[in-house]
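Working notes for the structure below.
Counting starts at 1 for both ligands and their atoms, following the listed order. On a predicted model such as this, the values are computed, not experimentally measured, just so you know.
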Amino acid sequence: MPQWLKDAVFYEIYPQSFYDTNGDGIGDIEGIIQKLDYVKGLGCNSIWLNPIYDSPFMDAGYDVRDYYKVAPRYGTNDDLVRLFEEAHKRDMHILLDLVPGHTSDQHPWFLEAKKAEKNKYSDRYIFTKSVWDAPPEYRMMCGICQRDGNYMVNYFSSQPALNYGFYKVDYPQWQMSFDSPEAKATAEAMKNVMRFWLDKGADGFRVDMADSLVKNDDEKIATAKIWRDIRKMLDSEYPDAAIVSEWCNPVRSINNSGFHMDFYLDHYGNGYSKLFRYEKDGENRAFFSRNGKGNIMDFLNEYIPNLEKTKDNGYICFMTNNHDMPRMTHYADRETVKLAFATLFTLPGVPFLYYGDEIGMNYQGCLTSKEGGYSRTGSRTPMQWDSSKNLGFSTADICYLPVDTGKDAPTVENQKDDENSIYKVVTDMLALRKANKDLGNQGTIDIVFARENSYPFVFKRGKFIISVNPSGEDATIPFDYEVKETLYALGKTEVKGGKLTAYAGSFVIYCI
Ligand code: GLC
Ligand code: CA
């Protein structure tokens, strides 16, 4: 286990929207280098960079055309190496995004695989034996290659699935076993991609659709085997490299596959979604909502058992948001967002802050889709730095995406010194987390008060008790701890005569 994960706090950077230094309207690597001190100043000592590889950008770079080359719009491989070096000088770590499940349909491997003549890459993807063969249970692209066969896609149509084989082979004519040399060659190719960037100074990878490798693998047995093998490679060749999976199944990811971290993703109806982003029958039913219709138990009944099962092997990661879902400001008012972030940063695991969430950027719901973003586009708009042109993102006349034109658009400049800003809560909380080990990535969590459809939620982390009540109603509960000191408070909480009163819209950290 890389030791640096113990106190890692990540900042996710969507590179095209962070900071443009050459005036072409697109964020670049040089821009990230120039903002490293800013990121560090927030209290984030690590960065996850969305894909920066050469790509036709049908899915914002998740359609990789060349795993070994930085997309020219972001800079060069040398620029990326410089970013690694500059980060390391500041004791920071950088994770690249690894997309192992598919490539772009413009990737040279795929251009070869499509050809009628058999060649070195004919089995790098999953093709049926004839164009008339297209079992409906698989997502296939049909009749668009010279080669007589259809190919499977992993996500969008422009993203053919790489061939890691099948766990259960239903059609032996064209499905290869996960044990076949062809399937194994794909995993070896991906290991080489990892080695290439780790040798250049990357500190690890966020792994895209980590569970998608082997097909017909419902229990993810063969997929886990590939990752365990990759983890073995890392342990022996790059023991400080970290991998975090986009999986949302900590037992399979951390325990069975050897990931150091797994994201608790927003899957509609799961525990994480019921904290922050859960609407039902047209009504907000998330726990973090003023209307008080959430149920904290929906989260805890899922999270606590997963935590118990995996805590000795890795971290379950909470994020404020990512590039795939609406920002929290879309669901909750700014005061509630503060309570949500404050709570999130007191939970165990390695936390992830999405760029712009520290200032409470808005979700731009009306934008036309950009580079395969669709509904996700609104969370991918340019970072808002100051009051200058394009809110300081770029000097270009046209940007990658329009910047927030709202009169009240938050910027780093107007939030930084505002005592009541989300920025203040985020930076305060990250400083407290750093200063108090009990609040950090590794500490324990014990539930003090949590009831079905009830507020507040109170939990203990070592010598701290945290209470949060996002609802619009005051709530009083029995409480038999002696409070020595208040470490941090938003709104008002009171302890008196064996009772704790969490006033509407409150958060507190007590030392006991
Ligand atoms: C992941 C990424 C998403 C991308 C998809 C396909 O879910 O987070 O942005 O579109 O995988 O690679
Ligand atoms: Ca640029």
Side-chain angles (χ1 to χ4, degrees), residues 10 12-35 48-53 55-65 67 70-76 79-80 83 95-105 107 139 152-162 190 205-213 244-249 253 262-268 317 319 321-326 352 354-355 369-380 382-383 385 389-390 392-401 403:
F10 277 89
E12 178 189 347
I13 294 183
Y14 193 68
Q16 47 274 62
S17 292
F18 196 53
Y19 187 47
D20 171 27
T21 57
N22 65 351
D24 66 355
I26 302 183
D28 40 55
I29 292 172
E30 177 57 32
I32 299 169
I33 294 173
Q34 291 185 21
K35 296 294 185 185
W48 153 30
L49 259 190
N50 289 106
I52 35 71
Y53 315 104
S55 166
F57 296 108
M58 294 297 287
D59 184 15
Y62 282 95
D63 48 328
V64 178
R65 182 164 51 197
Y67 288 105
V70 165
R73 73 187 199 182
Y74 301 133
T76 62
D79 291 330
L80 187 56
L83 171 61
L95 299 189
L96 297 180
D97 214 314
L98 182 75
V99 191
H102 46 269
T103 67
S104 155
D105 58 5
H107 193 290
R139 284 176 54 219
M152 226 171 125
V153 302
N154 219 30
Y155 199 70
F156 288 152
S157 294
S158 57
Q159 291 160 314
L162 282 162
M190 213 43 68
F205 300 91
R206 173 268 188 187
V207 177
D208 185 73
M209 292 176 66
D211 65 334
S212 75
L213 305 191
V244 51
S245 55
E246 185 197 29
W247 196 319
C248 199
N249 190 322
S253 157
D262 183 38
F263 282 119
Y264 205 164
L265 299 166
D266 182 68
H267 290 165
Y268 183 77
C317 299
M319 53 201 176
N321 190 44
N322 69 17
H323 61 290
D324 289 333
M325 55 185 169
F352 281 69
Y354 185 55
Y355 85 95
S369 176
K370 176 85 175 182
E371 296 185 345
Y374 302 98
S375 63
R376 308 174 295 183
T377 303
S379 293
R380 300 176 173 187
M383 178 65 183
W385 297 103
K389 183 173 179 182
N390 297 317
F393 163 68
S394 168
T395 55
D397 290 333
I398 296 172
C399 293
Y400 176 77
L401 278 168
V403 294

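- Close approach to Met209 involves these atoms of ligand 1, each under 4.0 Å from a residue heavy atom: 6 (C), 11 (O).
- Using a 4.5 Å heavy-atom threshold, the side chains of His323 and Tyr62 count as touching.
- Between the Ser104 side chain and the Ser55 main chain, no donor and acceptor come within less than 3.5 Å of each other.
- Contact atoms of ligand 1 toward Arg376: 3 (C), 4 (C), 9 (O), 10 (O) (distance under 4.0 Å to a heavy atom of the residue).
- With the Ca ion (ligand 2) at the apex, Asp20 OD1 and Asn22 OD1 define an angle of roughly 80° (rounded to 10 degrees).
- Two residues are said to be in side-chain contact when any heavy atoms from C-beta on lie closer than 4.5 Å; Glu12 and Asn50 meet this criterion.
- Using a 4.0 Å cut-off between heavy atoms, Met325 makes no contact with ligand 1 at all.
- In this structure, atom 7 (O) of ligand 1 lies nearest to the protein heavy atom Glu246 OE2, 2.7 Å.
- Side-chain atoms of Trp385 come within 3.5 Å of backbone N or O of Phe18 as a donor-acceptor pair.
- Side-chain atoms of Asp324 and Arg380, non-hydrogen and from C-beta on, do get closer than 4.5 Å to each other.
- Tyr264 and Met319 get closest at one heavy-atom pair: O-CE, 3.7 Å.
- Close contacts between ligand 1 and Tyr62 involve ligand atoms 2 (C), 4 (C), 9 (O), 12 (O) [criterion: under 4.0 Å to a heavy atom].
- The backbone N or O of Asp97 sits less than 3.5 Å from a side-chain atom of Tyr53, completing a donor-acceptor pair.
- Geometry note: the Ca ion (ligand 2) is the vertex, Ile26 O and Asp24 OD1 are the arms, and the angle is 90° (rounded to 10 degrees).
- Among the atoms of Asp28, an N, O or S atom falls under 3.0 Å of the Ca ion (ligand 2).
- Within the 4.0 Å heavy-atom shell around ligand 1 one finds Arg380.
- In terms of protein heavy atoms, atom 9 (O) of ligand 1 is closest to Asp324 OD1, 2.8 Å.
- Separation of the Phe156 and His102 ring centroids does not fall under the 6.0 Å cut-off.
- When only non-hydrogen protein atoms are considered, atom 4 (C) of ligand 1 lies nearest to Asp59 OD2, 3.3 Å.
- From the protein, the heavy atom lying nearest to atom 11 (O) of ligand 1 is Asp208 OD1, 2.7 Å.
- For ligand 1, the atoms lying closer than 4.0 Å to a non-hydrogen atom of His102 are 6 (C), 12 (O).
- A donor-acceptor pair under 3.5 Å links the side-chain atoms of Glu246 to the main chain of Met209, judged by distance alone.
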